Each structure stands twice: as C-alpha cells, then as structure tokens.
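Everything on this sheet refers to the single structure shown next.
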Amino acid sequence: MAIGGVLRPGHAQIRVMNLEEGIHFYGNVLGLQETGRDAQGRVYFKAWDERDHSSVVIREADRAGIDHFAFKVQSKSVLSKLDSDLRAYGVNTEWVPAGEMLETGERVRFQVASGHMIELYADKGVVGNGLGMLNPEAWQPMAEKGIAPTRMDHCLLYGPDIEKVEALFRDVLGFYKVEHIVLEDDKTDLAIWLSCSIKAHDIAFVRHAVPGMLHHVSFLLDSWEKVLRAADLMSMNRVSIDIGPTRHGVTRGTTIYAFDPSGNRFETFAGGYQTYPDIPPIKWTMDEVGAAVFYHDRKLTPSFLEVVS
Ligand SMILES: [Fe+2]
C-alpha cells in the first residue's frame, strides 16, 4: 500500500450562529445526511458517498468560523507516531479522549502557526454509503436530495506565517506543495495548496494578518453539470453566492463559492487534476493572480480576499 500516514481530510467542525438554520442549510440545501446529535448540542453530517460517520459537525456559537479541521490517519500506531513526531518538532499536542465526538476515536489536537486547530484521528464509526461493499449499485437515489456532494474534500484557511505551516505539514505530516502564488518579491508565498494524496489539494492556506480564519470548506461534485445544478439549487434556496460557476486556474477545478446562513463560505466543485509528490509545484505570480483564482474573469473580487469567518 502506497498511501499511508495521513490519509485524507476527515471532518470540519464549523460554528453557526443559529443551529436550526444551520441544520436546514447543511441537511436540506447542501444535502448532507444527518448522522447524530450529541449532549453538547453539536449536529453531525456526512456526504452521501462517505462511509465514515461524519465529515461536517456544526455547533451554535456567537461567532461563525471553524473550530478545527481534522485528518484521518492510517492507524492508531500512526497516530501515536505522529504525536511523538509533532512533539519532537516542538509542537504542543493534546489528546482528546475517544467519544468526545460521536463515533470518533481519540484525537491528537494541535495549533499551527496560522492560528488554526488541526486534529488527527485514526478511528471513526462506519455507517456506509447505503450501497454496501458487495456487488453495489452505482449510486444512491436518495443522494439527489439538495446539492448532495459526494464528499467533504478540503478547506482553505487564512492566517499568518504560512511558511511555518507548510514546513510542519511537509516535514512532520508528509504533505507536499502542489501549487503556490508568490508575492512580488518572488520569494514569499501568498497562498499554498498542500496534498497528502493524489488530489490537487487536501488543505490550502492564504497569508492573512488575522489568525485562525476560515475561507471555505469544500465539497466535491461529480461533474460540471452538477456544479450548474448546485448553482440552480442555491438560487432556488436564496443562498448568497460569492462567485461562480466558474473555473480556477489553480487546480483547474470548476467551482461555486457561496455562504451558509451564518456567513461561512463553502465551495461546491468538480474536477481538478490528479498529481504525485514527484511533480514540482506549479507557481503563479501576482500579475496573473486573477487567472490563478478565477480563470475566466482573470481578476479577483474584493470579497474573495476580504470576507472570511
Ligand atoms: Fe477550494
């Protein structure tokens, strides 16, 4: 088996300002499946084609944003090894006991230089995608409810010191840089896209003065046609669309950015290329930053840079 260590994004815990509105939005409009509620009042969701218990957890709070973003790792021994590697690297880690989140094993929690809380875990209860693992059908008719992405795919986080974040993700967690946007000095990265797989990104960061901010959590769709369908559903449901449907230069994905009722940006996207760790990072310069982000308009919108939660 070639893929090991950190396997993939596991879950995002997102703060919403009105829980009922959040449940309606994530359940009926985005079309995730609710899988549980806990004693703290958190509500758990998964995308239809995900097998693990939950990939989005929402909780009510006074301020929107992201509590933490978690990655699933290969095994408990990998989790222990990564914890000791993080400590040896000088990162303070904290073990969160199994069961603190529904159906989720013990988690290793730490803060990165951008101010974000990152977590690792090895175990999460399996609820399946409704198709089974033996002679399955091709898709689940129930999955047509709402936008119905197939999985929670990645997030983009805004904060300072992203070169330190990149070093930690590369040197300790085994990620590699797939693309980056370089500032006018031709040295300093404005933005980095990092992968632990063959996806064009599993997590991305943009340099920003305020630590710990969320730009978006992203959800995968099967096709450009489904991106268009998602835009139709956003309009029907009066969802605030930030931009799109359009295409990114970075990763080549087709995309829409929009906001949940609390102002957390989310993305629904399709496509993007596959990559491997031996391929050098693609570099974008500031004179083409517009095309890097929005390939058709070739210019950035102020909201894309300024609005975060
Ligand atoms: Fe994205």
Side-chain angles (χ1 to χ4, degrees), residues 8-12 14 26 30 32 47 50 55-56 64-66 68-71 114 116 118 147 149-159 162 165-166 169 175-181 189-208 213-224 226-228 230-231 234 239-260 263-275 281-282 284 289-297 300-301 303-309:
R8 60 171 179 270
H11 63 252
I14 298 168
Y26 285 95
L30 189 52
L32 304 180
E50 291 172 325
S55 59
V56 171
I66 189 165
H68 69 263
F69 193 75
F71 292 91
S114 56
H116 299 94
I118 301 294
I147 292 170
T150 55
R151 70 173 181 231
M152 191 277 289
D153 187 85
H154 66 268
C155 68
L156 171 57
L157 305 175
Y158 270 42
I162 62 170
V165 177
E166 179 190 338
F169 270 80
F175 285 60
Y176 62 102
K177 183 155 79 177
V178 180
E179 302 207 28
H180 57 144
I181 299 172
D189 280 339
L190 169 65
I192 53 174
W193 283 262
L194 307 175
S195 180
C196 63
S197 63
I198 61 166
K199 289 159 56 186
H201 55 334
D202 287 298
I203 192 166
F205 292 88
V206 168
R207 188 179 302 279
H208 186 69
M213 303 307 286
L214 171 66
H215 189 272
H216 66 268
V217 174
S218 187
F219 299 90
L220 180 67
L221 300 169
D222 284 338
S223 66
W224 165 239
K226 291 217 166 147
V227 176
L228 188 62
M234 288 177 199
V239 171
S240 170
I241 294 180
D242 187 18
I243 192 150
T246 184
R247 183 193 286 280
H248 291 306
V250 174
T251 76
R252 302 183 201 146
T254 55
T255 183
I256 311 167
Y257 288 122
F259 296 98
D260 80 1
N264 295 303
R265 191 187 282 94
F266 68 98
E267 176 182 35
T268 53
F269 84 107
Y273 57 80
Q274 296 181 348
T275 188
I282 292 172
W284 295 84
V289 69
V293 180
F294 301 122
Y295 183 62
H296 300 152
D297 291 345
L300 286 179
T301 56
S303 67
F304 183 84
L305 287 177
E306 290 157 18
V307 179
V308 286
S309 63

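Below, each value reflects all heavy atoms present in this structure, side chains not excepted, and no hydrogens, waters or symmetry copies. All of these numbers come straight from a predicted model, not from anything done at the bench. Read the numbers this way: they start at 1 and go in the same order the structure lists the ligands and their atoms.
- When atom types are taken as modelled, the side chain of Arg207 and the backbone of Asp189 share a donor-acceptor pair closer than 3.5 angstrom.
- Taking the six-membered ring where the residue is Trp, His216 and Tyr257 present tilted rings, their angle falling between 30° and 60°.
- Protein contacts to the Fe ion (ligand 1) involving N, O or S atoms at a distance below 2.8 Å are His154 NE2, His216 NE2, Glu267 OE1.
- Side chain of Arg151 to backbone of Glu50: no donor-acceptor contact under 3.5 angstrom is found.
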Exercise. Output, in order, the C-alpha distance, side-chain angles, deciding distance and verdict of side-chain contact (heavy atoms from CB on, under 4.5 Å) for Leu157 and Ile66.
Key: CA-CA 9 Å; Leu157 305 175; Ile66 189 165; 4.3 Å; yes
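- Shown here are the side-chain contact (heavy atoms from CB on, under 4.5 Å) partners of Arg8, two or more places apart in sequence or in another chain: Asp52, Lys72.
- Between the side chains of His248 and Glu267, a donor-acceptor pair is found at a separation under 3.5 Å.
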